Visitor: 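I'd like to ask some things about the structure below.
All values derive from a computational prediction rather than experimental measurement. Each chain gets a letter, A, B and so on, in the order the sequences are listed, and its residues count up from 1.
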Amino acid sequence: MEFLQPTTWEEAVETKAAHPDAVPIAGGTDVMVAVNFGRLRPARLLDLTRVPDLQQWDTEDGVVRLGAGVPYARVIGELGDRLPGLAMAARTIGSPQIRNRGTVGGNLATASPAGDAHPALLAADAEVEVASVRGTRRIPVADFYTGVKRSALADDELVAAVRITPPSGPQQYSKIGTRNAMVIAVAAFGLALHPDRRAVGTGIGSAAPTPRRAPAAEEFLAGELDGLWDSRAELPPATAARFGELVAGAAAPIDDVRGTARYRVHALSVMARRTLTWAWAEYRKGETRCA
Amino acid sequence: MSTPTRSPSGAPSHLTGPGGGRVGDDAARPDGVLKVRGEFAYGSDLWMDDMLWGVTLRSPHPYARIRSVDVGPALAVPGVHAVLTSDDVPGSKTYGLELADQPVLAVDVVRYQGEPVALVAADHPETARRAAARIAVDYEVWEPVTDAREALGHPHWNRVHETEAPVTELSRESAHLHPEGNLVRHVKVRKGDPDATADVVVVGEYEVGMQDQAFLGPESGLAVPAEDGGVELYVATQWLHVDQRQICAALGMPPERVRLTLAGVGGAFGGREDLSMHVHACLLALHTGRPVKMSYNREESFFGHVHRHPATMRYEHGATRDGDLVYVRAQIYLDGGAYASSTPAVVGNAGTMGIGPYVVPNVHVDCYGAYTNNPPCGAMRGFGSVQTAFAYEAQMDALAAELGMDPVELRCRNAMEQGSPTPTGQVVDSPAPVAELLRRLQAMPLPPSPATGADADLRDMPGGVSNTTHGEGVRRGVGYAVAYKNVAFSEGFDDHSTARVRLEVVGGEPTVTVHTAAAEVGQGLVTVEQQIARTELGVDRVVVAPKDTAVGSAGSTSASRQTYVTGGAVKAACEAVRARVLERAAALTGWPVGDLRLFDGAVVAEGLQLPLAEVLGDDAVEETLEWRHRPTEALDPETGQGFAHVQYAFAAHRAVVDVDTELGLLKVVEMACTQDVGKAINPQAVVGQIQGGTAQGLGLAVMEEVLVRDGRVRNPSFTDYLIPTVLDMPPMRIEVLEYADPHAPYGLRGVGEAPNISSGPAVLAAIRQATGLPLTRVPVRPEHITRT
């Protein structure tokens, strides 16, 4: 096995162009599991941990540009206030050791339907910045996932960063696992309220071939909130319940070793209802920072 | 005894203690610092520079005939030194703990997914794996038998075994195999009136899933060919001599040429009682003339050892209106999988102990162990008692509900005590404080409810940091359960241990060396051996020699027996050494031997203090003793009556569980445990056993299951076989009682298994109380609680 270790972003992109079969590795929390189980025997590994650009985040025109190699522990520690939904998702991931290694860029490149970051990125309308020697492009995250562990990433492309607009309203994230830590999602849900745009963002994980939004639920809730954004009045329980049902209706889960399809649908309706209740309560308190 | 020409790195060394710690003290482990610093060598750390790596080709099918095996393509891979099949097994082609029914390498038929078919040795593990993948095996795939009751209901077709397995010397007297069917063993317990009737009757059916031992150090060992044509095997295991006996049979070699040394063991819990890579590595080493290391990865480990038997059980309890148990009738089916392993003994335990520590005048139990094409099942902590406890304790709660009684009251009313008869006609002849254990639990304060809403700490909530509830849907339940477990081997087994103890003066310091073959698997027996030697010989410096077959058998590190049996052997050997030393001192000083004792490195008496250096000079006093607990006897095959068990251990748990009833997620808030240990030889280690056993029981209750469908394991990884984390296993309240058993050394009782038995049923009782659901299957899944 060839171990390629670029030290600059340009070199990384060139290496990937020269060796499209090279498997990128950052934290290794997906790649090394596959290697250790004998499921992956890549001819080449492309180590991205020595590329300084990938380890950075900054803010451009109010948008956070999160380098693909920033580990979850830093998302929690450094971006908890700017990216609350993603930080909540990051807290549910693995153990401290895993959070020190695993990256949002890796989660995107693997594109597992169970990836914990995806529902938060979907709810927040994130964009994925990908690059190759041909240039850089931005892909709305909802268009990034194309199938089970498949993405819009071309063979010669690498994930450079993810771009997320800090929220104008509350965000929530909730995940089901059959133990209380270090567990792969049985189902997950991300929610973002966007009072500035009078819009609602959602993201569903582990309940369809790809992470996906729940458009009908978003439209329904945006309509219901139309008169409530300014009054900050109480949300009728029936609205939260209906929102939950619509989120559940957007899922297309299967039975597998981690849970049944029926349970996933049920759990999504409960998570969507509860997260909406929490988010709206937060919004009513008016504690939300404006972006 | 010849010694190997050289030792591998990672081979065990003599352990010298941190010093101090006698019987009853919180003595520190001699290997503790090494383990905490990551310097302790486990089996997977064994290394020799010229070693080869062995790998195993396993069957992908649960049941198939092997039409042909072509090893040619594998042998052609550069770097490959050997490819072996069953044709290369020189001795017995089959082995087994109780029945020698399991092929060393598959012979014509494979009976479970993962059954070893061929071996490869190569100069790199990856080369060996790639070569193994090139072995061409032509299978005729058969329909697997995957249901224990179906396997027994159709004994004359679709048989898993065609021929009777030879009964080995290890067979329990009463283990009888039915050659014409899939029955491994049927234990009948018959007491009192089989047709007894009662005012109040509850009937329940229960199911327990397949649990894995989930030890952290996968199967590993290193076989080194010896100059005398024999082999030295360094291996992480539970009973060196039973391994040796089976390896010798397979290799066709006498025991003096097959020498075993215990490598560092990373947990066992029963999963290392059967052979795994032992014979395989020896075959490859003898074939190649090179040291051969085999070390499973986690996935292979799930296929490389037996699991806990899944159980289906039907119980009927009858009681008077006042709550006195009148009868219990039970049918218990244990799925033994493809090979017998220790199924006969597990059936014996489940059958004889299966109604719990209660006094019942009329008992009618049928317990069956069956062959199927599921993964082989055998020993795991709690050994048959874990499964039945889920059933009998659920029944006690159901009966209490039917009677309108408090569940603890009902249990105390029917609890065993010293002098009580057991279902097998024994009389409990040492303290059995079942009611006291329960009452002490009941008297403990209950934990407060956690903050909810905006103040909620997610770590206190069902779902934990996954942020699924801030208190919504959460209801609390409290449940109790009690367990008893037979300690040591039962049913007439010659259950003994051997200890060699030497006292000498080394560098001016009196030094005791304790040499036994008793496997240290993490439980702390090495500490116990030191504590006993310090106590009996009054010498602080106690060295624990590596565990190997250069000394006689210590029996198995299982059945909660080593502190009792090997502890008993070490104590007896120390007493023999002491007697000789005191006789010497008496001869030297003229003091009556009866006035002398050993204390602080000297022979002392009123007005005498004679340093051991002066008594011993350059001599060493050494004694090797075999020690036995009092004998037990076989069960009557028709009635299940007999003095089958030498000792019982008792534990009880109270579980407090918060359940998110809408999502089916759980937070076990607190586990409280009371246990009678007779005498806590090392109180800190006792508490550790109680905590660990409790966690393992909790795991089975709420998450741990090897999922098998159509004979195939669906989750052979720690990604999907979940064990409790620190957010799942709560802090514990523990009360240790010490009511001496007059028959046991120091009055001690085996500790390790009892807390594994009652913890899960207590958790289930709490979840039932919180949800009002019957929940008859473990592990409980969110789907069961949400009924989705």
Side-chain angles (χ1 to χ4, degrees), chain A residues 1 30 33 35-39 41 76 85 88-95 99 114 116 172-191 244 248 255-271 273-275 277-278 281-282 285 287, chain B residues 126 129-130 133 297-300 453-454 456 458-473 660 662-668 699 702-705 707 709 713-730 779-788:
Chain A
M1 191 198 301
D30 282 333
V33 173
V35 169
N36 286 337
F37 273 93
R39 294 191 199 108
R41 284 290 180 272
I76 298 166
M88 291 170 91
R91 283 189 198 99
T92 73
I93 293 170
S95 58
R99 293 193 291 273
D116 290 310
Q172 279 292 336
Y173 182 91
S174 185
K175 162 178 154 182
I176 302 283
T178 40
R179 73 179 166 195
N180 290 339
M182 289 180 63
V183 69
I184 291 185
V186 172
F189 181 69
L191 173 70
D255 289 342
D256 68 13
V257 74
R258 295 177 194 138
T260 63
R262 268 185 75 198
Y263 176 74
R264 288 183 157 106
V265 168
H266 167 77
L268 275 171
S269 75
V270 176
M271 286 192 290
R273 170 162 49 80
R274 288 185 183 172
T275 53
T277 307
W278 301 333
E282 186 184 335
K285 283 193 209 156
E287 287 170 351
Chain B
E126 184 70 10
R129 279 192 285 271
R130 289 180 186 192
N297 66 16
R298 179 58 54 191
E299 182 173 17
E300 185 171 21
L458 291 176
R459 292 169 299 183
D460 295 334
M461 294 284 132
V465 291
S466 292
N467 190 38
T468 49
T469 181
H470 299 168
E472 297 90 340
D660 182 338
E662 262 191 303
L663 285 173
L665 302 178
L666 308 165
K667 173 68 184 179
V668 181
V702 302
M703 64 181 80
E704 292 192 38
E705 183 173 10
L707 295 163
R709 180 188 286 172
V713 177
R714 302 170 71 206
N715 58 338
S717 72
F718 279 168
T719 306
D720 284 312
Y721 183 90
L722 302 180
I723 57 178
T725 70
V726 71
L727 290 189
D728 301 284
M729 174 63 200
V780 174
R781 292 193 49 87
E783 287 89 340
H784 301 152
I785 295 170
T786 58
R787 283 165 289 178
T788 55

Visitor: Report which part of B:Arg781 has an atom under 4.5 Å of a heavy atom belonging to chain A: side chain, backbone, both, or neither.
Guide: side chain
Visitor: What part of B:Glu300 is in contact with chain A, defined as an atom under 4.5 angstrom from a non-hydrogen atom: side chain, backbone, both or neither?
Guide: neither
Visitor: B:Asp728 and side chain to side chain contact (heavy atoms under 4.5 Å, CB included): which single residue from A:Thr178, A:Val183, A:Asn180 fits?
Guide: A:Asn180
Visitor: Most heavy-atom pairs under 4.5 angstrom with chain A, which of B:Thr725, B:Leu663, B:Leu727?
Guide: B:Leu663
Visitor: To the nearest 0.5 Å, what is the distance between OG on B:Ser717 and CG on A:Asn36?
Guide: 12.0 Å
Visitor: I'd like to know whether B:Glu472 forms a side chain to side chain contact (heavy atoms under 4.5 Å, CB included) with A:Arg273, so could you lay out the CA-CA distance, the side-chain angles of the two residues, the decisive distance to 0.1 Å, and finally the verdict.
Guide: CA-CA 11 Å; B:Glu472 297 90 340; A:Arg273 170 162 49 80; over 6 Å; no
Visitor: Taking every non-hydrogen pair under 4.5 Å, which of B:Thr469, B:Asn715, B:Val702, B:Asn297 racks up the most with chain A?
Guide: B:Thr469
Visitor: What residue, out of A:Ile176, A:Val257, A:Val186, has the most heavy-atom pairs lying under 4.5 Å from chain B?
Guide: A:Val257
Visitor: Below 4.5 Å from any heavy atom of chain A, which atoms of B:Leu722 appear? Answer side chain, backbone, both or neither.
Guide: both
Visitor: Using a cut-off of 6.0 Å, state whether more than 12 heavy atoms not belonging to B:Arg787 lie near its atom CZ.
Guide: no
Visitor: Using non-hydrogen atoms only, which part of A:Tyr173 is less than 4.5 Å away from chain B: side chain, backbone, both, or neither?
Guide: backbone
Visitor: Under 4.5 Å between any side-chain heavy atoms of B:Asn467 and A:Arg274, yes or no?
Guide: no
Visitor: Could you grab the distance from atom OG1 of B:Thr786 to atom OH of A:Tyr263, nearest 0.5 Å is fine?
Guide: 6.0 Å
Visitor: For B:Leu707, is it the side chain, the backbone, both, or neither that has a heavy atom closer than 4.5 Å to a heavy atom of chain A?
Guide: side chain
Visitor: Which bit of B:Pro462 is near chain A, if near means a heavy-atom gap under 4.5 Å: side chain, backbone, both or neither?
Guide: backbone
Visitor: If you round to the nearest 0.5 Å, how far is CD1 of B:Ile723 from CZ of A:Arg179?
Guide: 6.5 Å
Visitor: Distance check, rounded to the nearest 0.5 Å: B:Thr468 atom OG1 versus A:Met271 atom CE?
Guide: 8.5 Å
Visitor: If you tally heavy-atom pairs under 4.5 Å against chain A, which of B:Arg714, B:Glu299, B:Glu662 wins?
Guide: B:Glu662
Visitor: Could you tell me which portion of B:Leu666 (side chain, backbone, both or neither) has an atom closer than 4.5 angstrom to a non-hydrogen atom of chain A?
Guide: backbone
Visitor: A:Val265 versus chain B, heavy atoms under 4.5 Å apart: side chain, backbone, both or neither?
Guide: neither
Visitor: Who among A:Met182, A:Met88, A:His266, A:Arg264 has the most heavy-atom pairs with chain B under 4.5 Å?
Guide: A:His266
Visitor: Which atom names give the shortest non-hydrogen contact between A:Gly259 and B:Glu783, and what distance separates them?
Guide: CA-OE2, 3.1 Å
Visitor: Checking heavy atoms, do the side chain of B:Arg709, its backbone, both or neither come under 4.5 Å from chain A?
Guide: neither
Visitor: Rounded at 0.5 Å granularity, tell me how far CG in A:Asp256 sits from CG in B:Asp720.
Guide: 8.0 Å
